[in-house]
Structures are given as C-alpha cells and as structure tokens.
Amino acid sequence: MAAQSTVVIVVDDDAGLLKAVARLLAHNGIQSRTFASAEAVIESGSTQTATCLLLDIHLGGISGIELQRRLAASGSKCPVIFMTANDNEATRSDAVNAGCIAYLRKPFAREVLLDAIKKAVA
Amino acid sequence: MRRRAAGEARQVAMDAMAASIAHEIKQPLGAIALNSEAALLCLTGVTPDLDEARGALRCVVDDSHRASAVIDGIRSMFKKGSHGRAWLDINGLVEEAIATAEIELRTHRVSVSMELHNELPPMFADRGQLQQVLQNFIPNAIEAMRAASDRSRPLRIGSDIIQDRNRIVVSVADSGTGIGEKDRDRIFEPFFTTKSTGTGIGLTICRSIIESHGGVLQASANRPYGTIFEVVLPIEAAG
C-alpha cells in the first residue's frame, strides 16, 4: 500500500500496544519507530523525518495532544493520528483542535489504522 | 443542600471510576485486537511465519491476563468497602494504614512519625473508602522519597481538629522530591501522573471519595522539601 519510505512514529505508554502496532505495520511493509513518552520522541528529534505520527493521548508526562500543539507551533506539518482508550467529547474536540488527520478509539481494527495511515501518506 | 452536594460528588466519583476502568481495560484490549490480527496475517499466505504468529499470540495471552488483573483489582477495591457508612475512629484507620504498609516502609528506610489528636470525635464514613485513600498516600510518598535517595526519609502523619470550622484534618507529609506548583492541582486530574508506572487515577479517586464525604483533599508543599496531603472532613453530630 504505502510507499516504501513511509516511517510512522508511534508513541504510547503501553508497551503491549506499541509492540502490536509495530508488528502489524511491519507486516504491511510500513516502518515504524516506537516511543513510550512524548519526552522521548522530542529528545530523539526524529519527528522531522517521520511520514506521520501515531500518538496516544493519555501519556504519562506530556500528553499526545500537547505534543502535537508544540510540534504544530514549531512549524511541523507532519500529519498526526490520535488514539485513545478514554474517548469522550472533550478529548475528541481537543484532538480536533490540536489538528489531526484521524482519531482512533481503542480497541481499533487493523483496517481502521491502515486507512488512517493511508490518508496521512496521501 | 449538603445531601445534594454529596450526591453530585458521588456522581463525579462514579464517572471518574468508570472512565478509569474503561481506560485500563481498553488499553490491553487494543493490543489484543491488533496482535490477533497480526497473528492471523502471519498464518495466511504461502509461507506462514509461525515464529511471528507465536510471538503475537503470546502477547495476546499476556494482555488478556492484564485485562483480567484490572478487573480483579477493581473487585477487590469494592470488596474492601462495607458499602455503607458507620461511625469510626479515624486514628485507628491511620494506624491500620501504616501497619499494612510496614514492610514496604521498612524496606525503603522510611521513618514514620505519628502525631494523632487523642480526642478525635468518631466520623460517619465509609471505612473501606477511607482506607483506600490513606493506603494510596503511602506508596506515593515512598516513591517520591525514593527518588531523593541522598537524604533521610521522614514521613509525618498527623490528625487534628480544626476547632472553629468543626472539621478534622488528617495530614501525610513526605520529604520526597515534591510536586511543582504547576502540577499540584493537576495531580488530581484523571490520567495525570508524575510517576513512571502510575495510572494517574489513584488521587482522582481519592479526591472523589473525600468530596463524597463532604470533605476536601488538597496538596501543598512541605518544607524544606516534599509534599503534604491533607484530608479535611466535616465533623457531624453523633447519633
């Protein structure tokens, strides 16, 4: 599906979920880099090279939404997909306001994730 | 009036609890759903990747145990409570909480000092819920003090009566790393945590419990370092 150079940065404080996403993406020929916190991604400085970001919202420390706000403020145009295990109206509108190409509610199906990434890469 | 406020606080407590349960279970479910699909993919095609499928399924097993452990934790949380309020001795509860954590406190070389007011009136409260609040403070305090490894670790626990306001206060003062002023209110928000392994729901539930008892739970800075948590509860006329 996606071009070979696609690199998705995945941030989630849940190690099990990180592994699952990475495994699934690898199976679909998509490279990923996984991080357990927003701080770790910022430190790695790898957001500039990513094709898109897949961010959990409720992270320990800086939240996924806050990370996107900071990136957007610093001029990043990298498309963002949010995911959350705690979906509610307030979170959803915060996510939309921060800017995102998709908003995924956990648990989500493979197709839903791949469609969102396809949209981000397009 | 008060009854309505307590009812609303209870609703907030229930909402916070429901949100936290949903979060804690959907997290492993999310991983289970994706790993199952990955396993299916690994098994299809001309050359199935059995090792990878095995790895994914092992994760599914681990995550289903994790979801199950969350449910067990919630059930034991409710089991502790008698689901009703009764007259009880707050100092007794404080002593119980310390006794329960004794090994933990000793392991981490925390020196506990208690200053309990010896004429506290009995409080009309839910024993299990208040126990949960007190028992939540201690591991938090230990973790905060563990991070500050180079100094002694006094933990001061006190109870007192605020005379003019007709309230009692239970305070837990640690000498840990402290909480920045900016975060001091945020620590009560659901999913906000400063700990590496925290779920960010402990203090949210604690505050809801205290508010449902018509009280207040607050955090302030301890001197020269650390944090003081204070539970303030209204004294109700006995009988």
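The sequence lines fix the lettering, A, B, ..., with proteins before strands; numbering per chain opens at 1.
Only the side chain of B:D63 comes within contact range of chain A, judged by heavy atoms closer than 4.5 Å. Interface residue A:D12: only side-chain heavy atoms are found under 4.5 Å from chain B. Proximity to chain B involves both the backbone and the side chain of A:A109, based on heavy atoms less than 4.5 angstrom apart. In this structure, chain B has a heavy atom under 4.5 Å from the side chain of A:D56, while its backbone stays farther away.
For the pair A:K19 and B:D62, the salt-bridge criterion is not met [side-chain N within less than 4.0 Å of a carboxylate O]. Under a 4.0 Å N-O distance rule, the pair A:D14/A:K106 does not qualify as a salt bridge. Salt bridge status for B:E181 with B:R184: absent, with no side-chain N to carboxylate O gap under 4.0 Å.
Judged by distance alone, with hydrogens and angles left aside, the side-chain atoms of A:N28 form no donor-acceptor pair with the main-chain N or O of A:I30 at under 3.5 Å.
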